[in-house]
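Every value quoted in this text rests on a predicted model; they were computed, and no experiment measured them.
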Amino acid sequence: MESTPESLLRKTGALLDGHFQLSSGLHSPMYVEKFRLLEQPTYTEQLCHLIANHFREYNVDVVAGPTTGGIIISYEIANQLGVRGIFAESNQDGRQFDRGFQITQGERVLIVDDVLTTGKSIKDVVSAVRDIGGNPIGIGVLVNRSKNELQIDLPLFSCLDIELPTYNPEECHLCKNNISLTQT
């Protein structure tokens, strides 16, 4: 890959600079709009290649991701590893595999997602895999923007680790400088 993960994200408009109100209500001078990357198959393929190569020796049987962005990521990484790619959908208890997706007892499952922030989606997919007898063997993400440990005893690989600073609105220097706020 000629470009770095960060340069690919910037090239596609997925890594943005400005003044953003996050879904948490916090403000940030940077934002990751993952769908700007995911709409570009060539660039998505390049980043998924990094994850697939990292986990190639783990003897992956299945790649699983959460809806929505995780569907594209799980498909592409599964394609590159030559295995099945499935996804887990939200339900009232977390996530579950529907649409006839199955994992047989002991199958080695790589969990993937686009952007890791709080880790909730990843944890829910790990639980769903374990609930039906699968064996989670690792986690791969395109972007890790989490400041905290995931607290899952699995190897984690990310194409890009990035710390996005956040501010309470009343303490935001961008607001104080009257920089336009973009809702995300």
Side-chain angles (χ1 to χ4, degrees), residues 1 3-48 50-51 63-77 85-99 111-128 139-152 156-184:
M1 180 169 69
S3 301
T4 66
E6 183 173 347
S7 69
L8 285 179
L9 290 166
R10 288 198 182 279
K11 182 187 291 189
T12 61
L15 184 57
L16 302 169
D17 296 306
H19 182 197
F20 303 95
Q21 181 173 334
L22 307 176
S23 58
S24 65
L26 298 175
H27 291 196
S28 180
M30 297 176 75
Y31 182 67
V32 178
E33 179 46 82
K34 59 193 175 193
F35 290 107
R36 295 299 66 82
L37 171 71
L38 297 178
E39 70 184 2
Q40 301 288 331
T42 301
Y43 299 133
T44 301
E45 176 186 12
Q46 289 177 36
L47 290 180
C48 287
L50 295 174
I51 296 170
V63 179
T67 53
T68 301
I71 295 172
I72 296 169
I73 305 305
S74 65
Y75 172 85
E76 180 57 36
I77 294 170
I86 62 176
F87 56 88
E89 298 178 72
S90 293
N91 68 15
Q92 63 276 11
D93 299 320
R95 294 203 177 255
Q96 67 186 24
F97 293 100
D98 289 326
R99 303 175 193 275
I111 312 296
V112 299
D113 203 2
D114 44 28
V115 179
L116 171 62
T117 302
T118 65
K120 182 175 178 355
S121 294
I122 294 280
K123 289 176 185 177
D124 287 349
V125 175
V126 169
S127 292
I139 299 166
V141 296
L142 299 180
V143 178
N144 179 2
R145 57 165 286 197
S146 175
K147 297 178 192 174
N148 304 318
E149 283 291 316
L150 194 53
Q151 298 180 344
I152 297 177
L156 170 66
F157 175 82
S158 59
C159 297
L160 177 64
D161 291 315
I162 187 165
E163 189 172 323
L164 301 181
T166 57
Y167 313 104
N168 288 315
E170 54 279 353
E171 300 166 359
C172 178
H173 71 280
L174 301 165
C175 287
K176 290 176 184 169
N177 289 326
N178 295 318
I179 296 174
S180 292
L181 181 65
T182 303
Q183 304 280 332
T184 61

K.L.:
Is there a side-chain contact between L37 and L9 (heavy atoms, below 4.5 Å)?
P.N.:
yes

K.L.:
Is any side-chain heavy atom of P66 less than 4.5 Å from a side-chain heavy atom of D124?
P.N.:
no

K.L.:
Do E6 and L15 have side-chain heavy atoms sitting under 4.5 Å apart?
P.N.:
yes

K.L.:
Quick one: list whatever passes side chain to side chain contact (heavy atoms under 4.5 Å, CB included) with Q40, sequence neighbours left out.
P.N.:
T12, Y43

K.L.:
If you measure from CD on E163 to CG on N144, what distance do you get to the nearest 0.5 Å?
P.N.:
10.5 Å

K.L.:
Of all heavy-atom pairs between L142 and C159, which one has the smallest distance, and what is that distance?
P.N.:
O-CB, 3.2 Å

K.L.:
Has the side chain of N177 got a donor or acceptor atom that lies under 3.5 Å from a matching backbone atom of I179?
P.N.:
no

K.L.:
Are any of the side-chain heavy atoms of K123 and T118 separated by less than 4.5 Å?
P.N.:
no

K.L.:
Work out which heavy atom in A88 is nearest to a heavy atom in V125; give both atom names and the distance.
P.N.:
CB-CG2, 4.1 Å

K.L.:
Are any non-hydrogen side-chain atoms of V141 and V112 less than 4.5 angstrom apart?
P.N.:
no

K.L.:
Once you round to the nearest 0.5 Å, how far does CD1 of I139 lie from CD1 of I122?
P.N.:
5.5 Å

K.L.:
Compare all side-chain heavy atoms of Y31 with those of L22 and state whether any distance is below 4.5 angstrom.
P.N.:
yes

K.L.:
Go through the steps to decide whether Q46 and L8 satisfy the test side chain to side chain contact (heavy atoms under 4.5 Å, CB included), and finish with yes or no.
P.N.:
CA-CA 9 Å; Q46 289 177 36; L8 285 179; 3.6 Å; yes

K.L.:
Could you tell me if the side chain of S121 sits less than 4.5 Å from the side chain of R95, heavy atoms only?
P.N.:
yes

K.L.:
State the OG1-CG distance between T68 and D113, to the nearest 0.5 angstrom.
P.N.:
9.5 Å

K.L.:
Rounded to the nearest 0.5 Å, how far does NZ of K34 lie from CG of D114?
P.N.:
4.0 Å

K.L.:
Taking all heavy atoms of L16 and all of E33, pick out the closest pair and write down the distance.
P.N.:
CD1-CB, 4.3 Å

K.L.:
Identify the heavy atoms of C175 and P169 that sit nearest to each other, and give their distance.
P.N.:
SG-O, 4.2 Å

K.L.:
Nearest 0.5 Å please: distance from the CZ atom of R145 over to the CG atom of L164.
P.N.:
4.5 Å

K.L.:
Between the side chain of S28 and the main-chain N/O of P165, is any donor-acceptor distance below 3.5 Å?
P.N.:
yes

K.L.:
Checking S74 side chain against I86 main chain: does a donor-acceptor pair fall under 3.5 Å?
P.N.:
yes

K.L.:
Is it true that, when you exclude F97 itself, more than 12 heavy atoms of the residues, nucleotides or ligands shown sit nearer than 6.0 Å to its CZ?
P.N.:
yes

K.L.:
Looking at side-chain heavy atoms only, is the closest gap between M30 and I162 below 4.5 Å?
P.N.:
yes

K.L.:
First locate atom CZ of F20, then atom CG of L174, and finally report the distance between them rounded to the nearest 0.5 Å.
P.N.:
10.0 Å

K.L.:
Which heavy atom in T117 sits nearest to a heavy atom in S146, and how many Å separate them?
P.N.:
O-CB, 3.1 Å

K.L.:
I'd like to know whether L26 forms a side chain to side chain contact (heavy atoms under 4.5 Å, CB included) with N168, so could you lay out the CA-CA distance, the side-chain angles of the two residues, the decisive distance to 0.1 Å, and finally the verdict.
P.N.:
CA-CA 5 Å; L26 298 175; N168 288 315; 3.2 Å; yes

K.L.:
Please name the pair of heavy atoms, one in P41 and one in E39, separated by the smallest distance, quoted to 0.1 Å.
P.N.:
CD-O, 3.3 Å

K.L.:
Can you check side chain to side chain contact (heavy atoms under 4.5 Å, CB included) on L156 and L116, steps first, answer last?
P.N.:
CA-CA 11 Å; L156 170 66; L116 171 62; 4.1 Å; yes

